[in-house]
Amino acid sequence: MKYFDFNEVIPEKVLRNLQAERLIETVKRVYDRVAPYRKKMDEAGISPDDIKSLDDLKKLPFTEKQDLRDSYPYGYFACDMEDVVRIHASSGTTGKQTVVGYTERDLDVWATDTARALVAAGADNTDFVHVSYGYGLFTGGLGVNGGAEKIKAKTIPVSVGNTARQINIMKDFGSTVLCCTPSYALYMVEALKEAGISTDELSLKCGIFGAEPWSENMRAEIEKGFGIKAYDIYGLSEVMGPGVAYECCEQDGLHISDDHFIAEIIDPETGEVLEDGQEGELVFTCIDKEALPLIRYRTRDVSYLYKGECACGRSFKRMARPMGRTDDMLIIRGVNVFPSQIEQVLLETEHILAQYLITVDRVDNLDRMLIEIEMSPDAPFDAVRFVEEKERSIRAAIESTLGISAVVKLVSPKTLARGEGKAKRVIDNRNI
Ligand code: DLL
């Protein structure tokens with residue numbers, strides 16, 4: 001099986017017509033059913049009748065993460081609540097999550113998109129798909145699970161963590177396709193070596209890795225370490241989850257599921273739409289979603305769209321693997337972290353100042369976050385028990401807010417460097 005479905009290879013002209021049709025219908029629907037969209041469009045002086053072709057897309061206002069937060073939790077839902085069958089969520093900037101929903105049909109479309117990614121990586125119904133993305137509110141686990149079941153593979157929902165158990169399952173169950181974050185894949189490679197298990201004892205042939213930025217170097221290490229082919233998969237909860245774009249056998253850019261999402265690249269400063277090949281911020285419009293069809297959603301991911309066709313035969317446009325972000329979001333062990341979330345925790349803690357420095361390192365292929373925080377001058381910073389207790393409580397508060405652990409270190413007042421301009425809060429030493 002080379003492609004999962006016909007839409008992947010439909011002629012470009014037919015695809016553009018399909019996109020236009022779906023866009024026009026979606027804009028009408030959100031105008032009728034989503035109060036914030038009606039307000040935004042009224043304020044911009046645009047009515048659904050102004051959207052007659054793909055060229056008109058650029059007339060529509062953008063949607064941002066903040067808009068979703070302002071309408072938390074369900075303000076942008078476009079269907080009746082009784083038709084929503086699944087809810088997921090992703091990190092917010094200061095505590096509040098971004099809530100996303102799916103109808104039964106949306107879940108089917110999503111499964112189609114992750115099925116496309118699996119098939120493009122060479123998977124079929126004879127495969128054992130080992131899913132080590134987190135299951136839960138994060139879209140990774142259940143998202144890829146849907147695609148694996150759709151291609152009728154033997155789906156193994158292992159979820160994250162307990163690496164020794166992961167490796168045993170991989171060996172005993174005969175996993176052939178591994179799905180997890182690229183950094184966790186590298187961590188597993190190390191664990192395999194430490195356990196003295198050779199890749200000959202495994203049945204793995206490929207993997208689809210995403211949810212965080214990775215490089216060609218990391219690809220080479222994973223491919224060598226496991227003796228497999230490593231493919232990229234991209235997505236974000238607001239737009240759907242994993243499967244918005246995926247790599248094919250050419251491993252030259254990620255194909256965007258163009259029949260479900262229209263991608264644009266904009267200048268992040270001016271909002272102007274850029275030409276294919278020009279680098280800027282990725283923006284997606286969902287044209288085939290019932291529960292949460294976001295219009296011109298600003299991803300903050302930096303990428304560019306490819307010109308020209310791919311040798312694999314797919315008509316879907318390609319995007320370059322994201323090469324950074326236009327905001328300060330960090331992805332640590334696959335979890336999205338905004339420095340402002342950490343700041344919020346610190347502001348709620350006594351005896352410390354909001355002077356902090358986050359240092360992120362990759363140690364043995366695992367991300368490690370160190371947070372140094374200045375104590376206030378009135379704190380008894382010579383009292384060892386006081387300091388230890390404070391560090392413990394901040395660590396617990398951060399873990400409960402972010403869902404990941406951090407090393408917390410309190411430092412004496414005025415020890416962290418203060419810059420002249422914008423405070424430097426983050427040092428990312430990961431050499432991805
Ligand atoms: O990370 C969805 C996902 C799960 C994608 C599993 C792939 C595999 P969020 O938690 O909402 O959703 O985070 C979305 O993660 O805006 C990017 O910054 C980053 N990201 C996702 N995939 C990639 C990738 C999931 N392949 C945010 N390369 C996005 C680089 C990625 N960054």
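None of these values were measured; they are calculated from a predicted model. One-based numbering, in listed order, for ligands and for the atoms of each.
The shortest N or O to N or O distance between Ser237 and ligand 1 is below 3.5 Å. Looking at ligand 1, you'll find an N or O of Ile233 within less than 3.5 Å of one of its N or O atoms. Looking at Trp214 next to ligand 1, no N or O pair under 3.5 Å apart turns up. Checking only distances, Gly210 never comes within under 3.5 Å of ligand 1, N or O to N or O.
Taking the six-membered ring for Trp, Tyr76 and Tyr37 have ring centres closer than 6.0 Å. Between Tyr306 and Tyr304, the ring center distance clears the sub-6.0 Å criterion.
With a 4.0 Å heavy-atom cut-off, ligand 1 is reached by the side chain of Asn336 but not by its N, CA, C or O. By the criterion of a heavy-atom distance under 4.0 Å, the side chain of Ile331, and not its backbone, is placed next to ligand 1.
The side-chain heavy atoms of Ile394 and Leu346, taken from C-beta on, include a pair separated by under 4.5 Å. Counting only heavy atoms from C-beta outward, the side chains of Lys150 and Val119 never approach each other to under 4.5 Å.
Annotation for ligand 1: atoms under 4.0 Å from non-hydrogen atoms of Arg325 are 16 (O), 18 (O). For ligand 1, the atoms closer than 4.0 angstrom to any heavy atom of Gly140 are 4 (C), 6 (C). The atoms of ligand 1 that sit less than 4.0 Å from any heavy atom of Tyr133 are 6 (C), 8 (C).
Using 4.0 Å as the threshold, Arg321 has no heavy atom nearer than that to any atom of ligand 1.
Remark: Arg425 is positioned above the aromatic ring of Tyr356, its terminal NZ or CZ atom under 6.0 angstrom from the ring centre and at most 45 degrees off the axis. Remark: Arg298 qualifies as a cation-pi partner of Phe62 under the 6.0 Å distance and 45° angle criteria applied to the six-membered ring.
When the heavy-atom distances from atom 14 (C) of ligand 1 to Cys179, Ser303, Gly235 are ranked, the shortest goes to Gly235. The option from Asp301, Thr299, Leu142, Thr98 that lies nearest to atom 17 (C) of ligand 1, judged by heavy atoms, is Asp301.
Using a 3.5 Å distance cut-off with no hydrogens or angles, the side chains of Gln166 and Asn162 do not pair a donor with an acceptor.
Tested against His88 for a ring pair (Phe, Tyr, Trp, His ring centres under 6.0 Å), the candidates Tyr102, Tyr135, Phe138 yield a single pass: Tyr102.
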